[in-house]
Amino acid sequence: MTSAPPRPTSLPAPLQSAGDLAIAGVEPFSACDWPGHLAAVVFLQGCPWKCTYCHNVSIIDPRAPGQVAWSAVRELLSARRGLLDAVVFSGGEPTRQGGLADAMRQVRGMGFAVGLHTGGAYPRRLAEVLPLVDWVGLDIKAPVGKYSAVTGVANSADPAFASLRHVLDAGVPVQVRTTLDPTILNADDVAEIRRTVTALGVTDVVVQEVRTDGASEAFVTSLARYRRTHPAAPAAPAG
Ligand code: SF4
């Protein structure tokens, strides 16, 4: 008599398709989201972090439903063949959603290059999709010791740097971006980030000026207070 196979203690997660994506919005034409490319940008809903300066606060709630169907994104891309050469998945945090790989596969099948903006919160999923990605814009938000002050989440430097290592190991071109929130970071911090990522092998590092459009009222107030009390504070150094 053969014994019954052991019962699985948990079911495998169902495979998610592009149709399952919660899409917050689409920018049909952008020349600045992937340097040197004309891209449509697909903003995916939800992010696990709460960065001080986030200018997409309306799309970080992971429970909020999508506003655009994937089928509408495909229609838009079909109509723009020959006008665009790429699609950038952005957010929110695009690697949060399981349908990302399928969406990237479909986009590549339509003949577009694939770009990805990420903060690196989900290194495992990032590693899974990297074979489908032609370029990554990865945020490194702070030196390790100040990471959670920017993201509002403890230990968030760990997944971010693990993600950077995945990207470098995969050999995918990467631009590391740091947004200079002067209420938290100073010039030494920016220099430390640059030193750290350069030592890891990054050659493209950009420091961005913080913006207040779309940011929370609390951040706008605290930045205004900071600027009043530090009128000579330097702007972001050139990238
Ligand atoms: S990782 Fe990006 S989308 Fe998420 S809270 Fe930070 S700035 Fe906003």
Side-chain angles (χ1 to χ4, degrees), residues 21-27 30 32-34 39 41-68 87-100 103 115-127 129 133 135-164 166-167 174-185 189-190 193 197 205-223 226 236 239:
L21 288 174
I23 300 169
V26 181
E27 166 63 56
S30 167
C32 60
D33 280 273
W34 178 355
V41 185
V42 181
F43 295 93
L44 298 190
Q45 181 71 40
C47 180
W49 292 347
K50 297 179 184 62
C51 300
T52 49
Y53 51 75
C54 181
H55 57 90
N56 284 333
V57 284
S58 59
I59 69 168
I60 64 174
D61 182 352
R63 296 157 306 180
Q67 303 296 316
V68 181
V87 176
V88 173
F89 290 89
S90 188
E93 175 47 63
T95 59
R96 190 187 69 82
Q97 299 196 44
L100 180 63
L116 175 68
H117 291 170
T118 179
Y122 299 100
R124 229 170 54 193
R125 181 160 297 130
L126 175 66
V129 301
V133 175
W135 174 84
V136 177
L138 174 68
D139 294 345
I140 292 294
K141 294 175 179 290
V144 172
K146 287 189 170 179
Y147 230 88
S148 59
V150 175
T151 65
V153 172
N155 304 321
S156 41
D158 296 348
F161 280 94
S163 289
L164 176 57
H166 282 315
V167 175
V174 59
Q175 179 179 77
V176 163
R177 294 104 64 90
T178 301
T179 299
L180 176 54
D181 173 358
T183 69
I184 296 177
L185 302 184
D189 296 323
V190 172
I193 293 168
V197 302
V205 184
V206 171
V207 180
Q208 308 174 128
E209 199 66 53
V210 79
R211 291 160 38 194
T212 52
D213 53 302
S216 69
E217 248 182 73
F219 179 68
V220 174
T221 305
S222 97
L223 184 64
Y226 176 87

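Both ligands and their constituent atoms are indexed starting at 1 by order of listing.
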Asker: Please write down residue, atom name and distance for the protein heavy atom closest to atom 4 (Fe) of ligand 1.
Answerer: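 Ranking protein heavy atoms by distance from atom 4 (Fe) of ligand 1, first comes C47 SG, 2.3 Å.
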
Asker: For Q97 and L21, work out which heavy atoms get closest and say how close.
Answerer: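 Looking at all heavy atoms of both residues, the shortest contact is OE1-CA, 3.4 Å.
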
Asker: Taking heavy atoms and a distance under 4.0 Å, where does K141 meet ligand 1: side chain, backbone, both or neither?
Answerer: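 Contact part for K141 vs ligand 1: side chain (C-beta onward).
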
Asker: So, D181 side chain and T52 main chain: donor-acceptor pair closer than 3.5 Å or not?
Answerer: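 No, the answer is negative, given that no donor and acceptor are paired below the 3.5 Å cut-off.
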
Asker: Hydrogens and angles aside, do T118 and E93 bring a side-chain donor and acceptor to less than 3.5 Å of each other?
Answerer: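 The criterion, which ignores hydrogens and geometry beyond distance, is satisfied for E93 and T118.
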
Asker: Could you tell me whether ligand 1 has any atom less than 4.0 Å away from a heavy atom of C51?
Answerer: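 A heavy atom of C51 does come that close to ligand 1.
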
Asker: Can you check whether Q208 reaches L180 side chain to side chain, under 4.5 Å on heavy atoms?
Answerer: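 Counting from C-beta outward, Q208 and L180 never come under 4.5 Å.
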
Asker: For atom 4 (Fe) of ligand 1, does an N/O/S atom of C54 lie at less than 2.8 Å?
Answerer: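 Here the distance criterion (N, O or S atom, under 2.8 Å) is not met by C54, so no.
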
